[in-house]
Each structure stands twice: as C-alpha cells, then as structure tokens.
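The structure appears right after this line, and notes come after that.
Just so it is clear, the values below take in all heavy atoms, side chains as well, and ignore hydrogens, waters and symmetry mates.
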Amino acid sequence: MTADTSVPSTALLAGADRDGSNYTARHLLVLEGLEAVRKRPGMYIGSTDSRGLMHCLWEIIDNSVDEALGGYCDHIDVVLHDDGSVEVRDNGRGIPVDVEPKTGLSGVEVVMTKLHAGGKFGGGSYAASGGLHGVGASVVNALSARLDVEVDRVGNTHAISFRRGVPGSFSDVGPDATFETGGLRKTKRVPRTRTGTRVRYWADRQIFLKDAKLSLENLHQRARQTAFLVPGLTIVVRDEVGLGEGGSKGEESFRFDGGISEFCEYLATDKPVCDVLRFSGQGSFKETVPVLDDHGQMTPTEVTRELGVDVALRWGTGYDVNLKSFVNIIATPKGGTHMAGFEQAVAKTMNEVLRTKKLLRVAEDDIVKDDALEGLTAVVTVRLAEPQFEGQTKEVLGTSAARRIVTNVVSKELKDFLTSTKRDAAAQARVVMEKAVAAARTRIAARQHKDAQRRKTALESSSLPAKLADCRSDDVERSELFIVEGDSALGTAKLARNSEFQALLPIRGKILNVQKSSVTDMLKNAECGAIIQVIGAGSGRTFDIDAARYGKIIMMTDADVDGSHIRTLLLTLFHRYMRPMVEAGRVFAAVPPLHRIELIQPKKGQDKYVYTYSDRELREKLQEFQSKGVRHKDSIQRYKGLGEMDADQLAETTMDPRHRTLRRINVSDLESAEQVFDLLMGNDVAPRKEFISNSAATLDRSRIDA
C-alpha cells in the first residue's frame with residue numbers, strides 16, 4: 001500500500017500512537033479538476049523547463065492541426081507576442097459553443113477545464129487526430145496565468161478568459177489585469193461563413209522555471225515538419241519577441257504540397273542511390289474499448305479500426321540512418337509498434353530477395369536490420385482513430401496491431417520494388433541490395449577487428465601500439481587516456497603525467513577525415529586504428545561502451561589553428577564511430593594556457609606564476625595587476641605549443657586533476673551536430689565553400705595564430 005505519509009510521519013514525531021490509529025481518511029488529499037495538473041505538472045507535460053513550455057505550445061498547435069487533418073482548416077498562425085504570451089489562430093470549424101448537456105457548460109469551457117474531455121473520444125468528430133487523452137488544452141489552461149479563447153461560429157465571435165483554470169473575463173490585456181468570474185459571452189457579429197479559433201495564453205511563472213523559454217528554432221522545425229505531413233496546410237510563425245539570431249524579429253511561412261516524399265528529400269543529406277519510394281496501404285484490426293452508453297455507463301465494446309500506412313524512403317551513399325515516425329502527424333521520436341513493423345519488414349524482405357537473387361553467398365549469414373537500413377532516410381506515418389501512446393508526451397506508439405499492418409504493407413511494396421523488371425527500378429534495386437550486403441560484410445569485418453583488439457591481459461599487452469604509454473591502473477572509472485599531438489609534446493607529457501592512472505597516446509599530425517571515408521579506409525588508417533585499438537571498445541554500430549579501457553578520453557592539442565583542426569578531426573572520429581563515448585560525457589578537450597606571467601615578490605598566499613587562457617584574459621589580468629599595484633616581469637611567456645611547456649607547468653595547468661580545466665564535449669543536439677560535421681568535413685564542397693565565403697566578413701582575425 002502506498003500513500004502520502006507526510007502527515008502521519010509528522011504525527012509520530014509529535015508522539016502520536018505508533019500503531020497507526022491516527023492515520024485516518026482526513027489525512028488523504030483528493031485533487032479535483034485542474035488542481036492535479038498544477039500539483040504534478042510533470043505527469044502531463046514532462047517537465048517544467050523549456051521542454052515543458054514548448055510542449056504546452058505543441059498541445060495548442062496540434063488541436064488546430066487536427067482540424068487541418070479533418071479537412072476543415074488550411075491556415076494556422078502562431079504569434080509570439082512581446083509581452084510573453086503566445087497566440088495560435090486557425091480557420092477551422094471553431095470549438096463548439098453550445099451547451100454540453102451532462103455538465104451544463106459551454107463546449108469551450110468543457111474543452112478548457114475538464115480533463116479527458118474533447119472531440120477525440122466520440123467517433124464522429126475526428127477520424128484521426130494527434131490527441132488521445134483529452135487533456136491537452138485543459139492542461140495548458142491549468143498551467144497558464146491567463147488564457148483567452150475566441151471562437152468564430154454561427155455568425156458570432158464568442159469569447160472567454162481563464163485565470164489559472166477559472167473561467168471569467170479580464171478588464172485589460174495581461175495576466176495582472178482585474179479578473180471577474182463568468183462564462184462564455186458573445187462579443188461581436190461576424191459573417192456566418194467565418195469560422196475559427198484563437199487561443200492566447202500567458203504561461204504561469206509560478207509553475208515553470210525562471211530560465212524556461214521558447215525556442216524559435218524548435219518552433220520552426222516543428223512547423224516545417226507539420227507542413228510536410230499535411231500537404232496544403234500553411235503555417236505562419238511570427239516572432240515579435242526577438243528570439244531570432246542576434247535578437248532579430250520576423251515571420252516565416254511553411255507550406256509544402258509534396259507531402260512526405262518532399263519531406264524525405266529534405267531530410268536526406270547524402271547523394272541518392274535510388275529515387276524516393278512511396279509505400280502506402282491500410283489494414284483493419286479489432287480492439288475492445290470502453291464506450292459511454294445512453295445511461296452514462298462505460299460498456300466494453302469491440303470496435304473495428306482502420307489503420308492507414310504512408311511511407312516515403314530512399315537509400316543514399318552515406319552510412320547514417322535517418323528515420324522519422326509519426327502517428328496522425330504527432331512525432332514519435334522513440335518509435336513504437338509502427339517503427340518495429342517497418343524495420344522488421346525491411347530486413348526480412350531484403351533477406352528474402354537477396355537469397356532469391358543469390359546476392360548473398362550460401363555460407364554467409366542473413367543481413368541484420370542495421371545492414372538493411374544503412375544509408376536509409378525514411379518517413380513512416382500511420383493514421384488511426386484513438387491511437388494508444390505511452391504517456392501524454394506521445395513519444396512511443398503502443399497500438400500492437402500497427403506492427404502487423406505496417407509490416408504487411410511495407411513488405412509487399414518493398415518486394416515489388418526489389419524484384420521490379422523495369423530497367424531503371426531494377427538497376428536502383430540492385431544498388432540498394434549490394435549496399436546492404438557490403439554493409440553486412442563490413443560489419444562482420446569490424447566485429448572481427450574488435451574481437452582481435454579487445455583489451456589483452458598483462459601477458460598479451462604487447463599487442464597494443466608500441467607508442468602507447470599505458471597506465472598501471474585497471475580501474476576504468478579512474479583511468480584517463482590523453483591523445484597527444486606530436487612526439488615533442490609526448491616527452492613533456494610523460495614527465496608531467498601520473499602514470500598510475502594517466503595513459504598517453506601520441507598521434508602524428510592530422511588524422512584521416514573519416515566523414516569523407518569508408519569504414520574500411522578508417523580501419524586501415526594507422527592513427528584511427530590505433531585510437532580504436534587502444535580504447536578497446538570497437539567502432540560504429542558494434543561499439544560497446546562497457547568494454548572501453550578508459551573512463552575519460554582527453555584530447556590534448558596545441559592552442560593554435562592546427563591544434564583546433566586536429567581536435568575537430570578527432571571529434572569527427574568519435575562522433576561517427578564512437579558516439580556513445582560522447583553521449584556518456586566521457587570525451588574531453590584539455591585546456592592548456594596561452595600565457596604565463598611571473599610576479600615579482602608575490603604576497604603571501606599568492607602564486608608566483610599566473611596563467612591565462614586567452615588574449616582577453618591576459619589583458620584583463622594585466623589591468624587588474626596594474627590597478628592593485630602588483631608587479632610582474634615584462635617578458636610574458638607565450639606558449640606556441642605543448643612542447644614549449646616544462647613538465648611541471650604542463651602538469652599544474654593541464655594534467656593534474658586538482659588544478660586543470662577540462663572542457664567536456666557534449667552533443668546535446670545530434671541532428672545539429674551531424675549537419676555541422678557534414679558541412680565542415682563532408683564530401684560536398686559547394687556548401688563548405690559558400691560557408692567560408694559568407695563567414696569571412698565576420699572572422700575575428702586576432703584569433704588566427706599565424
């Protein structure tokens with residue numbers, strides 16, 4: 001039995017009976033209506049930081065998008081007002097304004113104040129929608145200091161406002177205006193042909209964290225994505241706050257008539273090996289759901305559901321997999337049954353055709369899912385009434401029948417493509433299948449390489465690169481591997497390190513740019529191979545972070561342009577082939593100093609040597625010394641590389657855990673990171689040339705170490 005025991009525990013401290021006789025029903029708290037949302041907002045919107053703030057906006061936008069899915073709306077405006085409020089307008093049918101008989105409230109009040117109420121529960125309002133729980137608008141209302149609703153219907157504009165969920169009206173704009181309770185009211189007449197809904201709300205800062213803020217980039221990304229998924233829908237985002245780059249304001253409009261085929265082309269960054277394929281179909285399934293009968297009772301009823309499948313996909317020359325899945329245009333970033341069905345269909349069908357066409361040798365194993373998906377960009381969408389999600393954030397689809405139906409549709413359509421007799425389609429299909437077979441053979445080769453390079457025992461340690469200066473400790477949590485630029489820095493670092501837990505691996509110059517190279521070329525490269533061999537956890541999809549020999553990987557390069565380039569190349573290697581290390585926060589960049597100032601007659605407790613890490617910090621430190629009358633030698637040492645530092649200086653500033661500064665490499669947004677790596681390190685020269693040309697004017701020339 002679980003219960004809120006805060007009251008009884010206090011009573012016990014006060015000397016109450018220890019047999020629990022004082023724990024009665026009066027100690028139980030019953031939250032009614034929207035109180036539950038305000039008490040536990042995380043249950044409904046995930047968190048109260050910026051993500052939760054954005055989720056509230058998605059809930060309101062999705063209600064308008066549901067109208068577009070039904071064919072009743074073709075224009076949505078999202079306005080970020082400079083007073084902190086957000087407004088969403090659509091030209092849909094408008095929220096019903098007539099009285100709902102069971103509650104005696106207007107339709108607007110029911111939608112905005114009652115949990116689990118809305119037009120997505122019945123069967124006649126929406127054939128497919130993103131809403132499931134009926135808590136979206138009411139949750140946003142509960143978590144808003146003020147929310148205004150205006151509905152154009154039947155020749156009138158109907159308006160109502162809410163203060164933290166309580167219906168009424170405000171005397172002026174803003175959440176601090178005078179408030180009076182009340183109901184829905186007519187404000188003006190409009191043409192009977194004009195319909196739509198306008199919702200404007202001020203998020204409650206009593207609920208959300210102070211630093212929670214909306215992301216214009218995420219809003220544009222979501223609007224663009226929705227416009228792709230609903231062809232013919234125009235979404236306009238107007239920023240009146242100045243959330244754009246450099247505080248700029250502006251307006252962007254999104255409309256794409258090509259649907260998910262155009263979306264797939266937009267997502268794909270590599271060169272195609274086949275045209276965009278479009279698979280579509282549908283299936284039916286039965287499920288038992290509780291239905292409200294005429295007597296107000298919930299009766300289990302078996303209903304037949306229709307599930308539509310629409311998939312756009314294409315294989316490219318790259319190695320990364322980019323899969324996007326949606327249920328009624330709601331993104332499911334963590335997949336679910338529909339994605340499981342898609343992946344199963346691709347792997348199973350590919351194996352079946354490969355065996356038929358004898359592209360796989362008899363002695364070879366079947367290809368696995370990752371082989372079939374390599375280089376694939378796909379948009380998988382399903383539409384059905386009342387989908388079952390796992391949680392209000394709707395990140396995972398749970399409807400079990402979706403797996404079977406998606407598998408059937410994709411298997412049939414993909415097999416037709418792979419076995420096509422048309423010249424162009426047959427040529428493309430063969431390239432796709434050969435790519436999957438090559439991926440399987442590369443995976444097997446990489447696994448064999450990994451197995452051969454596992455961490456050896458002390459007797460077998462000679463298999464590790466001779467240039468590795470290993471540490472004595474076997475404690476992975478404590479051990480550190482420094483990847484050092486050049487042999488000159490290695491000599492100093494050997495003297496500066498703590499050999500108990502700090503290992504050193506020198507690399508010679510700039511390693512291979514793996515963004516442009518195949519897995520085979522990467523494994524053949526001496527420097528890349530040595531790094532992967534020393535870390536001992538494999539590479540790519542077979543990377544096993546639990547097998548890594550070191551708890552921290554620290555890149556220690558010179559503080560100049562070449563050092564930055566080498567660090568970028570190393571990051572590209574980790575990002576592409578050892579990404580779990582980056583995601584786990586185990587990859588760092590050392591921060592060596594640029595200057596050393598020697599003080600003359602330092603005061604007690606003051607260090608004789610002061611290190612600075614940038615020209616700006618040096619100027620500020622010298623000004624500080626001048627103002628405080630601290631004398632220093634005029635000859636300020638400027639380090640051009642790690643090799644110029646004495647061992648004690650390197651240890652004190654860069655390697656000793658007690659004094660050093662490390663910069664953790666954090667890939668918080670993998671999609672943005674991949675785009676940057678592809679721009680700076682990829683095969684396509686034109687975008688990189690354009691980037692360099694456009695950025696030349698903004699370059700800070702003082703940062704060039706020449």
Side-chain angles (χ1 to χ4, degrees), residues 445-494 496-514 517 519-557 563 566-590 642 654-655 662 665:
R447 184 180 65 199
Q448 293 170 346
H449 177 85
K450 171 187 171 183
D451 291 342
Q453 306 304 334
R454 286 283 194 182
R455 181 162 195 171
K456 305 295 190 272
T457 62
L459 293 174
E460 298 171 310
S461 60
S462 59
S463 65
L464 292 171
K467 57 185 179 180
L468 171 69
D470 209 351
C471 57
R472 295 191 298 271
S473 174
D474 289 331
D475 184 359
V476 174
E477 295 297 322
R478 188 175 175 225
S479 61
E480 302 174 347
L481 173 66
F482 284 83
I483 301 177
V484 185
E485 176 190 346
D487 293 333
S488 60
L490 176 66
T492 308
K494 277 185 177 179
R497 71 167 177 155
N498 184 331
S499 59
E500 175 64 28
F501 63 92
Q502 291 180 329
L504 302 173
L505 177 66
I507 56 172
R508 192 169 296 175
K510 297 173 181 177
I511 69 168
L512 180 72
N513 177 6
V514 299
S517 310
V519 180
T520 306
D521 291 337
M522 184 275 295
L523 292 173
K524 287 180 181 177
N525 180 262
E527 305 299 329
C528 294
I531 293 171
I532 291 174
Q533 183 181 357
V534 167
I535 294 174
S539 62
R541 292 191 300 269
T542 61
F543 185 84
D544 180 8
I545 193 170
D546 295 329
R549 301 176 69 239
Y550 303 97
K552 288 188 179 74
I553 309 297
I554 303 170
M555 296 172 289
M556 192 162 67
T557 60
I566 291 171
R567 191 162 59 246
T568 303
L569 291 167
L570 287 169
L571 279 175
T572 308
L573 174 67
F574 277 95
H575 180 265
R576 191 171 178 84
Y577 292 105
M578 292 177 279
R579 188 180 301 182
M581 290 291 286
V582 183
E583 292 172 339
R586 291 171 61 173
V587 179
F588 299 83
L642 297 171
T654 315
M655 299 190 71
L662 295 181
I665 306 302

Please report the closest heavy-atom contact between [X] and [Y], naming both atoms and the distance.
X: A530; Y: P465; answer: CB-CG, 4.2 Å
X: A503; Y: D470; answer: CB-OD1, 3.7 Å
X: T654; Y: A590; answer: CG2-CB, 3.7 Å
X: A589; Y: I554; answer: C-CG2, 4.5 Å
X: L642; Y: A489; answer: CB-CB, 3.8 Å
X: R549; Y: V476; answer: O-CG2, 3.9 Å

Say you draw a straight line from [atom1] of [X] to [atom2] of [Y]; how long is it, rounded to the nearest 0.5 Å?
X: F588; Y: R586; atom1: CZ; atom2: CZ; result: 9.5 Å
X: L504; Y: L481; atom1: CG; atom2: CG; result: 8.0 Å
X: L512; Y: D521; atom1: CG; atom2: CG; result: 7.0 Å
X: F501; Y: C471; atom1: CZ; atom2: SG; result: 9.0 Å
X: L571; Y: I665; atom1: CG; atom2: CD1; result: 5.0 Å
X: M578; Y: D544; atom1: CE; atom2: CG; result: 13.5 Å

Just jot down the salt bridge (Lys or Arg N to Asp or Glu O under 4.0 Å) partners of R508, sequence neighbours excluded, or say none.
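None.
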**Study point:** With sequence neighbours excluded, residues passing salt bridge (Lys or Arg N to Asp or Glu O under 4.0 Å) with K524
**Key:**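 In terms of salt bridge (Lys or Arg N to Asp or Glu O under 4.0 Å), with neighbours along the sequence ignored, K524 is linked to no residue.
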Can you name the residues that form a side-chain contact (heavy atoms from CB on, under 4.5 Å) with [X], not counting sequence neighbours?
X: T568; answer: T572, M681
X: D475; answer: S473, E477, R478
X: Q502; answer: E480, F482, R497, N498, M655, P657, R660

Heavy atoms, side chains only, cut-off 4.5 Å: are [X] and [Y] in contact?
X: I507; Y: L570; result: yes
X: I511; Y: I566; result: no
X: L505; Y: Y550; result: no
X: I545; Y: E583; result: no
X: M581; Y: F543; result: yes

For this session: Going by the side-chain contact (heavy atoms from CB on, under 4.5 Å) test, name the single residue among I531, I535, V534 that passes it with I553.
Result: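 Answer after filtering I531, I535, V534: I535.
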Review point. Which residues satisfy the side chain to side chain donor-acceptor pair (under 3.5 Å) test with K494, sequence neighbours excluded?
Key: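 Applying side chain to side chain donor-acceptor pair (under 3.5 Å) to K494 gives none.
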